[in-house]
Number of protein chains: 2
Amino acid sequence: MNLALIKEKITNCGLKFTHQRMVIFLALTKSESHPSAEQVYEEIKGSNPSISIATVYKTLDSFVQAGLLRKTIDQNGVMRFDSKLDAHSHLYCKTSHEIRDYENEKLEKLLQDFIESNDFDGYEIDEINVVFKGHKREKTIN
Amino acid sequence: MNLALIKEKITNCGLKFTHQRMVIFLALTKSESHPSAEQVYEEIKGSNPSISIATVYKTLDSFVQAGLLRKTIDQNGVMRFDSKLDAHSHLYCKTSHEIRDYENEKLEKLLQDFIESNDFDGYEIDEINVVFKGHKREKTIN
DNA sequence: CTCAATGCAAAGACTTTGCATTGAT
DNA sequence: ATCAATGCAAAGTCTTTGCATTGAG
């Protein structure tokens, strides 16, 4: 994603465009691992040594409010951020706490159909979270 | 659930049977709302005024380790405990943070089939979490 | 008796808040 | 010039830990 596009995204939702916001947004779009605030902070320190962890939290929260990011909470209660906005599920490794996207159109369609054709006892469902949990298999030689 | 059965469950997994454990286990089996440690603590204070919140945390953790309870983390990063052990999903109200069981055999079968017939890119899946999120509809008069 | 369980207080991890300063528009 | 964004430190929330005491087996 180029810088002009990032600036546009940030500006379009009424947020001022700052260096910090750009760097944070860039870190998120580049990451595959659904980083925590702390991990974003570590990642961007190089390109912005004076940035504060509070700014990272505030910025991530602004982005979530603006719909530019999604937030989830992992098994350890730590906030994790996801720049992928379309419907998808997740794989969670109980050992490494890594979170990876799991994209499967059939599954998402299955779930969407399920929501539409079932009653949820007075709940208006607007979001579904699916996490497949397990352990990453060791790579076998051969 | 009667007390003898609870005692048996606790004893069977190698844990000593104490008043605190009984009261905590009882509170969990009676609750429908997937309480937090704090909520369990508030609930049982009456029947055991001297109990410590640390004991509640330690006991809940022992029960989870022993497989007597399940633990999840809610949207706020707070640990929630579930005494229902068979496969089921959850409804989460974004307003009240209430968590309710959502039991639907077809859904669970669908998911189980999905796990068995798909590849998860090197992950050995042993658990699936499904949470339907939304808002509880106001009851309409009429 | 013995060793695990408990209770207390202190520490820890993560996140939020208040407020003075800085910077984008 | 204005008002939002930033940076810092302090406070807050939830959870874990250390250790002396208690109690179940």
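Letters A, B, ... mirror the listed sequences (proteins, then strands); counts begin at 1. Just so you know, these numbers come straight off a predicted model, no measurement behind them.
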Whole-Å distance, His97(B) NE2 to dT13(D) P, equals 14 Å
Student check: side-chain heavy atoms of Asn129(A) and Val130(B) closer than 4.5 Å: no
In whole angstroms, the gap separating C1' of dC14(D) from CG of Leu60(B) amounts to 13 Å
Check: Side chains of Asp101(B) and His90(B): donor-acceptor distance under 3.5 Å anywhere?
Finding: yes
Scoring nucleotides 15-25 of chain C by protein non-hydrogen atoms under 4.0 Å (B base, S sugar-phosphate only, - none) yields BBBB----BBS
Taken to the nearest whole Å, CG/Asn48(A) to P/dG7(D) is 6 Å
| query | Reckon Ser62(B) touches a base, only the sugar-phosphate, or nothing at all at heavy-atom distances under 4.0 Å? | reply | nothing
- Any Gln20(B) side-chain nitrogen or oxygen under 4.0 Å from OP1 or OP2 of dG7(C): yes
To the nearest angstrom, the CE-C1' distance between Met22(A) and dT6(D) comes to 16 Å
Exercise for review: Apply ring-ring contact (aromatic ring centres under 6.0 Å, His included) to the pair Tyr92(A) and Phe132(A), showing each step before the final yes or no.
Suggested key: CA-CA 6 Å; Tyr92(A) 182 79; Phe132(A) 296 96; over 10 Å; no
Rounded to whole Å, CD1 of Ile24(A) lies from C1' of dA5(D) at a distance of 11 Å
To the nearest angstrom, the NZ-P distance between Lys45(A) and dG7(D) comes to 13 Å
When rounded to whole Å, the CG to P distance for the pair Asn76(B) and dC14(C) reads 17 Å
TODO: Using a cut-off of strictly less than 4.0 Å, decide whether Thr59(B) has a side-chain nitrogen or oxygen near OP1 or OP2 of dT6(C).
DONE: yes
